[in-house]
Every structure is written in C-alpha cells, then in structure tokens.
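Structure first, then comments.
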There are 2 protein chains.
Amino acid sequence: MQIASNDAPSATIAEPGLDSQGGTRERILDIALDLFTEQGYEKTSLREIAERLGFSKAAIYYHFASKEDILLALHLRLHQFGADALGTIDEANMSPTVWAALIGQLIGQILEHRALFVFHERNRAAVERLHRERHETEHDDLEARFREVLTNQEIALRDRVRMACAFGAIVGGLVLVGNVFSDVPSSTLGALLREAVDDLLNPRASGRP
Amino acid sequence: MQIASNDAPSATIAEPGLDSQGGTRERILDIALDLFTEQGYEKTSLREIAERLGFSKAAIYYHFASKEDILLALHLRLHQFGADALGTIDEANMSPTVWAALIGQLIGQILEHRALFVFHERNRAAVERLHRERHETEHDDLEARFREVLTNQEIALRDRVRMACAFGAIVGGLVLVGNVFSDVPSSTLGALLREAVDDLLNPRASGRP
DNA sequence: GTCTATATAGGGATAGAC
DNA sequence: GTCTATCCCTATATAGAC
C-alpha cells in the first residue's frame, strides 16, 4: 500500500543520515500509514515504525510528542484534502444537485488519495476516539458536516437517504470491499462512479412519491 | 447501543448468581459488543467488561480462552446472519438482478442487526487481522464471496462497479455516517433503500454504453 | 462458576549522552 | 537528529482457593 500524495516511496533508500532536513517527519508518516493500515493503529508499535525507518524508537519522539500525534497528523492529511470539497458545502442551500457536485469532487479526492481513505476506513474506532478526546482541535470534520446536512429536516427524507447512499456508494466502490478495482484506471473508474451517483441522485421520475 | 437479536438488555440486573446456566456467555458478548463499538476492540480491557458484568476479570476466562475469542464469537454472530444471504449467491449465474435480490436481503439483515454491523464497521482492522491469523477457521466470509463476484471478469465492469456501489450505498445509508436515520422507522428506511438500490442496478437505458 | 493474587510481557514515554 | 538505557504502567493470562 502506498500513499499517492507523496512521490517518495514508503520504504525507500532515502539517503540514510542526509535527508535530515525535515523529510523525516513525512517518512515517519508514510510508514505509519502503511503499518496502521495493514495491522491497525493499536497493534502497530513505535518500535516497528522505527525499525522500518532504520533508526531507534526514541528518535520518533523528536518529531512527534506521542503516538497519538502521528495518528492526528495522518487524519489532518485527509482533512486537508477534504477541505476543498467542504468549502463547497452550503448547508442553507443544499439539494441533490449540489450534493452530486460535492460527491463528484470527493470521487476525485478518493481516487487520488486512496491509501489515506483506506487507512481511515480500517481505523474508524481509533480516529473517532481521537475526535472525542481532542475536541479542542475543532478542525471541523468532513463527516460532521455531512451529518448536519443529512439530518436537515428541510430536505425530503427520500433525498437525504439517497445522499447518504451516494456517499456510501463511492466509499463502497473504492474502499470498502478490498481493492477489487485496483487494476481499473482511475479515469474509467471515476467515470463509472459519477454515472452511478448521477442515477442515484437524479432518479427516473417514473411515478414514485 | 443495543444488540437487536437478543431480548436481554446489555446492562441489566439479570439475577446476579442465578442465571449461571449458560446465559453468562451471551451477556459477556452483549457487553463486549457495546464496549468494542464505543471504545474500539483494543482500547477495551477485560477488566471493563467484567466490571459491567458485576464480577471479576478472571471469571471471563472461564467462558472464553482469550480476548480474541470474544472478538471471534461476535464476528461469528454476524456471519450467521449473513449466511442466509450468502446461500443465495450463485457465482456462476450472477447478474445485477440476482445481486439486487441479495442486497435486498442484506438490507433486512442490517436493519435487524444494526449494532452488530456498526461494530464491524468500526473495528475492521481488528476483525481482518483475526481473519488472517485464524485462516483455519475458514468460515467463508461474506465479503470474501462478494470479492469473488466483483472480480469476475465475465460480468461487465460497469455492472460490477454498480454492484459494489449498491453494497456501499446500503452500508452508507445505515452504518457509515453515524446514526443519522436512527429515528426513521425500519420499514420506511428499508423501502427507500430498496428503491435507491433498484435505480442503481437497473439504470435508465438512456444512451450510455 | 467465580474469586484473589500474581506472573509476565510489551508498549509508551523520558533522561541524558553523543 | 538520533542513540542507549530505563522507568512505569497497563493488559493479558495463569494458578489455585472457595
């Protein structure tokens, strides 16, 4: 598994002892992303991360104050990518059409940063605990904003359910069931997903309430 | 959060010292389900579980050989409910229509055992590790069978993507985004979901390849 | 079937040298 | 910026009494 946002491979050569200008932090995050995804956050020890990095466990504490801070940093990576899409959300003026545009953006984001989304998918318990415990870090969350919209009584229930489905559909198509479509080109997959979402959010009007 | 399949509440009075004929095992599982869902599997200690039960930590080891065995037992609960739907799968003769029927059954299952699905959703890392480590326990898995179908090259890619989306859609609508529709009656929600899945799997034929 | 007490291990985190 | 060494705590698991 590989982070798409970073050119540097996760387990690479990377000039042992020379790249120390600041890339180390990112290397730690890349390796943590891999290990957290494979083994889960809690089952991954700092020792393992340090092992892959080639240096000792305690060195990590120079870059991160705690293990949880590594988790937080990874979560903030996602948040950053989601921020673009979030800007589009206008709770006051939401409709299936606006939602479709939002989901469309999200498809692009997920395709580009799939590893990051898979990581979140597999470590929901840990990430959500982080949210509860660090409510100071009120980095308004993607899903929180989603929830707001999906519970907005002014939108018809039927539409809201379909919005939730659209969200689930792309997560399902890209992340949920392993990597079943990993061999499909992103552009193809993206197009098929947009098509599907479109059918979901703009259903044929044929005589249903 | 409450397990739907069991009449006994998760944290109840339950005749301390008298119900010892065998209901204790189920009570442990119910409480574990709650705690694992709230705090995550790894962050939940056996001591906490024992505390809620009203007796000591070590007593649990009379019923389960290890903490992991509790996880496994909960996973098997899900598997049992999924088994019905699984029986319907005929890999040799799969089509969007057959899939729709399958998903329809699954909607019912999830609605009935939502807590169990939420638990799995939030503890994927732990459950999937269990799968890898206990491959002897070849209780053929729901998602594994799904994967087989979704990678079957004989089915058009477009259809397979939509199947994955349909799966994701119901998971998204029921489990993924918190409990946004918890106040909606199951029958209403189920109907809306079936409708949405139908549109997804039987798209309007309007001039797309 | 449940208890108390204890063994054992592992992981997060800190101090201080280099 | 990284190392070694160590502290401290928590959690799983076991032994044996009741």
Side-chain angles (χ1 to χ4, degrees), chain A residues 8 11-32 35-36 38-74 123 125-127 129-130 133-134, chain B residues 8 11-32 35-36 38-74 123 125-127 129-130 133-134:
Chain A
T12 180
I13 19 126
E15 301 95 352
L18 258 177
D19 66 334
S20 318
Q21 344 82 311
T24 309
R25 191 188 155 94
E26 299 306 314
R27 281 178 60 218
I28 294 176
L29 287 177
D30 287 347
I31 290 175
L35 289 174
F36 288 173
E38 285 163 24
Q39 314 178 333
Y41 170 70
E42 331 269 354
K43 281 292 178 189
T44 303
S45 69
L46 296 180
R47 192 186 48 73
E48 283 176 289
I49 297 177
E51 227 162 52
R52 281 216 195 172
L53 277 165
F55 51 67
S56 166
K57 183 177 64 166
I60 297 179
Y61 282 94
Y62 179 80
H63 299 276
F64 295 95
S66 71
K67 184 187 180 186
E68 215 183 52
D69 278 18
I70 300 179
L71 181 65
L72 180 60
L74 285 175
N123 288 281
V127 172
R129 193 172 39 71
L130 193 70
E133 289 171 8
R134 302 219 177 170
Chain B
T12 183
I13 20 129
E15 301 95 354
L18 257 177
D19 66 333
S20 320
Q21 343 83 311
T24 309
R25 191 188 155 93
E26 300 304 315
R27 282 178 59 219
I28 293 175
L29 287 177
D30 287 347
I31 290 175
L35 289 175
F36 289 173
E38 285 164 22
Q39 315 179 332
Y41 170 70
E42 331 269 355
K43 282 290 179 190
T44 305
S45 70
L46 296 180
R47 191 186 48 74
E48 283 177 288
I49 298 177
E51 226 162 54
R52 282 215 194 175
L53 277 166
F55 51 68
S56 165
K57 184 178 64 169
I60 297 179
Y61 282 94
Y62 179 82
H63 299 276
F64 294 95
S66 69
K67 185 186 179 186
E68 214 183 53
D69 277 20
I70 300 179
L71 181 64
L72 179 60
L74 284 175
N123 289 280
V127 173
R129 192 172 41 71
L130 193 71
E133 288 171 8
R134 301 220 177 169

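Naming: A, B, ... by sequence-line order, numbering from 1 per chain.
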Rounded off to whole Å, could you give me the [atom1]-to-[atom2] distance for the [X] and [N] pair?
{"X": "A:K43", "N": "D:dA11", "atom1": "NZ", "atom2": "P", "value": "13 Å"}
{"X": "B:I49", "N": "D:dA11", "atom1": "CD1", "atom2": "C1'", "value": "12 Å"}
{"X": "B:D69", "N": "D:dT12", "atom1": "CG", "atom2": "P", "value": "13 Å"}
{"X": "B:R47", "N": "C:dA5", "atom1": "CZ", "atom2": "C1'", "value": "16 Å"}
{"X": "B:Y61", "N": "D:dA17", "atom1": "OH", "atom2": "C1'", "value": "19 Å"}
{"X": "B:R25", "N": "C:dT2", "atom1": "CZ", "atom2": "P", "value": "13 Å"}
{"X": "A:F64", "N": "D:dT2", "atom1": "CZ", "atom2": "P", "value": "12 Å"}
{"X": "B:K57", "N": "C:dA7", "atom1": "NZ", "atom2": "P", "value": "14 Å"}

- [ ] On DNA chain C, check which nucleotide each of B:A59 and A:Y41 is closest to and give me the residue with the more 5' one.
- [x]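 It is B:A59 whose nearest nucleotide is closer to the 5' end.
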
Task: B:A58 or A:T44, whichever maps to the more 5' nucleotide of DNA chain C - done: B:A58

Report the nucleotide, chosen from [options], that has the shortest atom-to-atom distance to any side-chain atom of [X].
{"X": "B:H63", "options": "C:dT2, C:dG12, C:dT14", "result": "C:dT2"}
{"X": "A:K67", "options": "C:dT2, C:dG12, D:dT12", "result": "C:dG12"}
{"X": "A:F55", "options": "D:dC3, C:dC3, C:dG12", "result": "D:dC3"}

Inter-residue atom distance [X].[atom1] - [Y].[atom2], 0.5 Å rounding:
{"X": "B:I49", "Y": "B:I70", "atom1": "CD1", "atom2": "CD1", "answer": "4.5 Å"}
{"X": "B:R52", "Y": "B:D30", "atom1": "CZ", "atom2": "CG", "answer": "11.5 Å"}
{"X": "A:R134", "Y": "A:E68", "atom1": "CZ", "atom2": "CD", "answer": "4.5 Å"}

TODO: Please assess A:Y41 against A:L130 for the test side chain to side chain contact (heavy atoms under 4.5 Å, CB included), listing each intermediate value before the final yes or no.
DONE: CA-CA 12 Å; A:Y41 170 70; A:L130 193 70; over 6 Å; no

- [ ] Give one of base, sugar-phosphate or nothing for A:S56, where a contact means two heavy atoms less than 4.0 Å apart.
- [x]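 Base contact.
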
Task: Pairing of A:E42 and A:R129 as salt bridge, 4.0 angstrom limit - done: yes

